[in-house]
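All values derive from a computational prediction rather than experimental measurement. To find a chain, count down the sequence lines: A is the first, B the second, and so on, and within it residues start at 1.
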Protein chains: 2
Amino acid sequence: MQKNMSTIKDVAKAAKLAVSTVSLALNNDPRVKESTRRRVLEIAQGLQYRPNGIARDLKARRTDTVCILLHDLGGPFYSELIRGVQDVATSNKYNTIASGTGGGHIGSAAVRLLSERRVDGAIILAPDVDDETIIHAAGKDLPIVVLDRNLLAENVYSVLVDNERGGYEVTKHLLNLGYRNIVFVCGPSDSLDSELRYRGYETAMNEFHVQKSKRFDYCGHFTEEGGYSIGKLLSAMGILPDAVFSANDEMAIGIMKSFIEIGIRVPEDVAVVGFDNIPISEYVQPSLTTVRQPMYDMGAVAAQFLFQALNGNSELQPVLLPTELIVRNSSQVK
Amino acid sequence: MQKNMSTIKDVAKAAKLAVSTVSLALNNDPRVKESTRRRVLEIAQGLQYRPNGIARDLKARRTDTVCILLHDLGGPFYSELIRGVQDVATSNKYNTIASGTGGGHIGSAAVRLLSERRVDGAIILAPDVDDETIIHAAGKDLPIVVLDRNLLAENVYSVLVDNERGGYEVTKHLLNLGYRNIVFVCGPSDSLDSELRYRGYETAMNEFHVQKSKRFDYCGHFTEEGGYSIGKLLSAMGILPDAVFSANDEMAIGIMKSFIEIGIRVPEDVAVVGFDNIPISEYVQPSLTTVRQPMYDMGAVAAQFLFQALNGNSELQPVLLPTELIVRNSSQVK
DNA sequence: TGTTATTTTTGAAACGTTTCGATTTTATGA
DNA sequence: TCATAAAATCGAAACGTTTCAAAAATAACA
């Protein structure tokens, strides 16, 4: 049975000093005599004393920690985002913790970290955290940066990726290559991303005076399986288009897989393009033409916003980050 | 300028009740009259009161949170691990936060979360957190599960993957296919994983009475670039083996890339196998034969250990999870 | 109505720190 | 040696909760 964790009181008692002196000593306050400090340090060491961070946070009314909330921690392309946040947070001497909002009671992670003020700031890329929660939690002393979300509120700042332009450019790429019958495969119907990418597609198609596919004809759930089914469906119904623009890479990969299985060649018979530039998009066969989102930048910019806000600057305009078209082999015969 | 967050005191004052009554009311204690509770709830709502989690944690001396410490949050194959942990933690009504140990001052994340007791338990897969820190932080009330680390200490529990057997099996697979001149490419010299995988390789080679490569001749840093250089080196020196067993997939992919670049065919000229079964290993060309680590199980088992320990069971023997050989095209002509 | 049992509310202490103003100790200068 | 300045230490309050024992209010019963 281990004895209880020793506290600053125990150290004080052992050193025959006041608690306050010990505290000062441990925090290297110049007011304590050098010899006392050394003695305190020694005794603290001997007692295996470790300050209790929670008590410290309570007193300080700050945690020096920011969090990043993701629906699915460890999703395929959050990695760079997290890195971006962490790099900036670290250089501002803040700690970063991440939490997934997916499992468990809905909103529990958000409530716990934000509403109950266990962090000093937050970056949120999680559609399942509702605006309400965010608006309520945000405050002068707890700025929140939302990613990929249309939300305008006090102490809430916004970083967006130009999904619409990305959709426009990749569609135009297809059109320039001569493809005309281009089908758009959308994601979940409540996905803003999917919607915006469609709008870009729409614009490009209009620009070329080409008839566009009805938006909601083909709808996966941003999953590879979803794409696979849609691919099967398209070919089974004998309505193969010239090209498919899938609202994300996972679905695009599923689509390609289904095509290839039944002997439809990509891109010779049908071109396929995706969106997101997830790591495997480079490795699938054929490699996937897609649109890169600047995930690292997104994280870094979001974190910078956070610290600007924490330093009192509340005049931060929403920023729109550019995407980048990445042409690979799924759209263009070598 | 936003006014200060309201506390339970403000609610009490507004309701003309004692703080303690309000606390009881908010926590649905049956001792408070129903009508009072409703009144309190209403007033709390009106004041936008949100309990301060830090104060609560301090008083309760527990956080209902466990953390998972990874060197590189968002690394390619942690995703499943995190999911495993989170699933189990959630079903035990605990929250999970994740933190990367890579950026920033070394050990800072670990110290902050573990030593300063901001969590009730931890799962650690991060070679850069040293044993010392773990041993010191661990306690009856803060069990720690270490993954892939040889560490035996009080309140520290261990979940391992049978790297040695994995190495043995994949080597045997090569030997059974007739390969004899098999080179082992190791990871960083301080990597236990790499070492164990080598031992499995050694055993298999001995079993077949084949001469094995010297262990430290070829050493990448578990990176694709490292593998690429080694591949170049091997071919440049004209000492191509029959097969290469790379201590992880990233390096294996780099090696294949370099081979293919200069016209060496995989697997016809040289077979390549890796370890870890990272997502893209399935998609590279040729697809990579590798060894799967049961990441989800690892996370789930680790979390289960944690909660067993939190519930007073300290008799948990280290567990060794089996690996699984995944044969793909990089080792075997179709 | 008075007594007792029950329900409801309360004040104070505690969790482990930091910080402030006050007090004690030591050093300084005449 | 004494007064004063400077250095070192101290005690108490505070951070925002929960909890415990006790007090107050209400209900039940004779």
Side-chain angles (χ1 to χ4, degrees), chain A residues 3-41 43-44 47-64 111-112 115-120 139 141-142, chain B residues 3-41 43-44 47-64 111-112 115-120 139 141-142:
Chain A
K3 56 184 178 302
N4 265 335
M5 203 64 194
S6 54
T7 75
I8 199 173
K9 278 186 195 167
D10 302 321
V11 178
K13 199 171 296 172
K16 296 196 200 309
L17 283 173
V19 166
S20 46
T21 312
V22 175
S23 174
L24 293 177
L26 292 172
N27 290 296
N28 292 315
D29 189 295
R31 276 175 294 177
V32 311
K33 215 186 343 184
E34 191 48 35
S35 61
T36 344
R37 180 198 320 288
R38 270 202 301 276
R39 199 161 60 87
V40 168
L41 252 45
I43 292 175
L47 290 175
Q48 302 238 49
Y49 168 75
R50 297 277 184 294
N52 180 316
I54 297 184
R56 202 213 297 276
D57 289 349
L58 176 59
K59 175 64 188 176
R61 306 172 73 178
R62 42 183 288 164
T63 61
D64 291 320
V111 167
R112 212 180 148 60
S115 297
E116 300 191 350
R117 319 195 87 68
R118 286 185 172 83
V119 295
D120 293 346
D141 50 350
L142 173 38
Chain B
K3 57 182 177 302
N4 264 335
M5 202 65 194
S6 53
T7 75
I8 198 172
K9 277 186 195 166
D10 302 321
V11 178
K13 198 170 295 170
K16 295 196 203 306
L17 283 174
V19 166
S20 45
T21 313
V22 175
S23 173
L24 294 176
L26 292 171
N27 290 296
N28 292 316
D29 189 295
R31 278 175 293 180
V32 312
K33 211 180 354 179
E34 190 48 37
S35 61
T36 346
R37 179 197 322 288
R38 269 203 302 275
R39 200 162 60 86
V40 168
L41 252 44
I43 292 175
L47 289 176
Q48 302 237 49
Y49 168 74
R50 298 275 185 293
N52 180 316
I54 297 183
R56 203 211 296 273
D57 289 349
L58 176 60
K59 175 65 189 175
R61 307 172 71 179
R62 42 184 285 163
T63 61
D64 291 320
V111 165
R112 212 178 149 61
S115 297
E116 301 191 352
R117 322 196 83 71
R118 285 184 173 85
V119 295
D120 293 346
D141 49 350
L142 172 38

(message) Holding to side chain to side chain contact (heavy atoms under 4.5 Å, CB included), I want the full list of residues that pass it with A:Leu58, two or more places apart in sequence or in another chain.
(response) B:Ile54, B:Ala55, B:Leu58
(request) Please name all residues satisfying side chain to side chain contact (heavy atoms under 4.5 Å, CB included) with A:Asp64, sequence neighbours left out, ordered by chain then number. (result) A:Arg62, A:Tyr94, A:Asp120, B:Arg112
(message) Keeping B:Arg37 on the side-chain end and B:Ala25 on the backbone end, is there a donor-acceptor pair under 3.5 Å?
(response) yes
(request) In sequence, state the C-alpha distance, the side-chain angles, and the governing distance for A:Arg50 and A:Met5, and then conclude on side-chain contact (heavy atoms from CB on, under 4.5 Å). (result) CA-CA 8 Å; A:Arg50 297 277 184 294; A:Met5 203 64 194; 3.8 Å; yes
(message) Using a heavy-atom cut-off of 4.0 Å across all strands, would you classify B:Thr7 as base, sugar-phosphate, or nothing?
(response) sugar-phosphate
(message) Could you check whether B:Arg118 pairs with A:Asp57 (Lys NZ or Arg NE/NH1/NH2 to Asp/Glu carboxylate O, under 4.0 Å)?
(response) yes
Which donor-acceptor pairs under 3.5 Å do side chains of residues 6-23 of chain B form with protein atoms, sequence neighbours excluded?
unit_1  : atom_1 : unit_2  : atom_2 : d
B:Ser6  : OG     : B:Leu47 : O      : 2.9
B:Thr7  : OG1    : B:Lys9  : N      : 3.1
B:Asp10 : OD2    : B:Thr7  : N      : 2.7

(request) Considering only heavy atoms of chain B and a distance under 4.0 Å, specify the first and last nucleotide of DNA chain C in 5' to 3' order that meet this criterion. (result) C:dT8 to C:dG16
What pairs of nitrogen or oxygen atoms, one from the protein and one from nucleotides 5-11 of chain D, lie under 3.5 Å apart?
unit_1 : atom_1 : unit_2  : atom_2 : d
D:dT9  : OP1    : A:Thr36 : OG1    : 3.0
D:dT9  : OP2    : A:Lys33 : N      : 3.1
D:dT9  : OP2    : A:Thr36 : OG1    : 3.2
D:dC10 : OP2    : A:Ala18 : N      : 2.7
D:dC10 : OP2    : A:Thr21 : OG1    : 3.0
D:dG11 : N7     : A:Ser20 : OG     : 3.1
D:dG11 : O6     : A:Ser20 : OG     : 3.0

(request) Over all heavy atoms of both residues, which pair between A:Val40 and A:Leu26 is shortest? Give the atoms and the distance, please. (result) CG1-CD2, 4.1 Å
(request) Could you tell me whether a side-chain N or O of A:Asn27 sits under 3.5 Å from a main-chain N or O of A:Asp29, the two making a donor and an acceptor? (result) no
(message) Please list, in numerical order, the residues of residues 53-63 of chain B that have a heavy atom closer than 4.0 Å to any atom of DNA chain C.
(response) B:Leu58, B:Lys59, B:Arg61
